[in-house]
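Here is the structure we will look at, set down as structure tokens.
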Amino acid sequence: METIKEYVKPELLIVVIVLYFIGLAIKNSEFIKDKYIPIILGIIGILIAGVYVVATSDIYGYKEILTAIFTSITQGVLVAGLSVYVNQIIKQKNKER
């Protein structure tokens, strides 16, 4: 858990859980193919991380804007990846050998 906190802002760890449940809802909807779920979760993760970064940062110039964009993308991809990872751990745990 400490390793995860080194890369993902602790405030954004709740987004992993939110994305997990969004992924389950998308999977159960049957309107979207399963192969698109990680991409959708990535986009949603980036948007949520972007809202967080903008809300918690002082953005005055282009360097801060670029930093905010970079942070939003990296944090969004990381939380989406963790969400998919958690989903796979649960699936593998429930699989019979």
Side-chain angles (χ1 to χ4, degrees):
M1 188 64 171
E2 290 301 317
T3 305
I4 293 171
K5 287 181 183 177
E6 288 181 33
Y7 297 104
V8 178
K9 294 180 180 283
E11 303 85 11
L12 292 175
L13 287 176
I14 190 69
V15 178
V16 173
I17 298 166
V18 170
L19 291 175
Y20 174 78
F21 286 113
I22 290 172
L24 287 179
I26 293 171
K27 182 160 182 67
N28 291 332
S29 72
E30 298 179 10
F31 294 114
I32 299 171
K33 292 182 180 180
D34 289 352
K35 68 180 183 178
Y36 298 118
I37 294 174
I39 295 168
I40 293 168
L41 294 180
I43 291 168
I44 295 170
I46 291 169
L47 293 174
I48 293 172
V51 169
Y52 168 79
V53 169
V54 169
T56 59
S57 301
D58 293 325
I59 301 175
Y60 295 111
Y62 75 93
K63 286 184 180 181
E64 289 86 6
I65 291 171
L66 293 176
T67 300
I69 291 169
F70 175 77
T71 303
S72 299
I73 292 170
T74 55
Q75 291 296 300
V77 169
L78 286 172
V79 295
L82 281 171
S83 165
V84 172
Y85 181 68
V86 167
N87 178 271
Q88 289 302 307
I89 287 175
I90 292 169
K91 278 185 178 180
Q92 296 303 319
K93 181 183 172 202
N94 293 331
K95 238 183 197 183
E96 291 185 28
R97 294 187 174 177

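Note that the CG atom of Leu82 and the CG atom of Leu13 stand 7.5 Å from one another [nearest 0.5 Å]. In this structure, CZ on Phe21 lies 14.0 Å from CD1 on Ile26, to the nearest 0.5 angstrom. Atom CD1 in Ile46 sits 12.0 Å away from atom OG1 in Thr71 (nearest 0.5 Å).
In this structure, Asn87 contributes its side chain and Ser83 its backbone to no donor-acceptor pair below 3.5 Å. With hydrogens and angles ignored, the 3.5 Å screen pairs a side-chain donor or acceptor of Glu64 with a backbone N or O of Gly61.
Across all their heavy atoms, Gln75 and Val8 have their closest contact at OE1-CA, 3.4 Å. Shown here for Ala49 and Ser72, the closest heavy-atom pair between the two residues is CB-O, 3.5 Å.
Hydrophobic clustering (side-chain heavy atoms under 4.5 Å, transitive across Ile, Leu, Val, Met, Phe, Trp, Tyr) keeps Val51 apart from Leu47. When hydrophobic clusters are built by joining Ile, Leu, Val, Met, Phe, Trp and Tyr residues whose side-chain heavy atoms come closer than 4.5 Å, directly or via intermediates, Val84 is grouped together with Val15. No continuous path of ILVMFWY side-chain contacts below 4.5 Å connects Val53 to Ile65, so the two sit in separate hydrophobic clusters. In terms of hydrophobic clustering, with Ile, Leu, Val, Met, Phe, Trp and Tyr side chains grouped at heavy-atom distances under 4.5 Å, Ile14 and Leu78 are assigned to a common cluster. Using a 4.5 Å cut-off between side-chain heavy atoms of Ile, Leu, Val, Met, Phe, Trp and Tyr, with links allowed through other members, Val77 and Tyr7 fall into different hydrophobic clusters.
Remark: Glu30 CD is loosely packed, at most 12 non-hydrogen atoms of other residues, nucleotides or ligands lying under 6.0 Å away.
Applying the side chain to side chain donor-acceptor pair (under 3.5 Å) definition to pairs two or more places apart or across chains, none involves residues 13-25. Within the structure, salt bridge (Lys or Arg N to Asp or Glu O under 4.0 Å) contacts touching residues 8-25 (residues at least two apart or in different chains) do not occur.
Within the 4.5 Å cutoff, the side chain of Leu66 has heavy atoms near those of the Tyr62 side chain.
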Anything under 3.5 Å between a donor and an acceptor, one on a side chain of residues 31-44, the other on a protein residue two or more places apart or in another chain? List them.
unit_1: Asp34; atom_1: OD1; unit_2: Lys27; atom_2: NZ; d: 3.4
unit_1: Asp34; atom_1: OD2; unit_2: Lys27; atom_2: NZ; d: 2.5

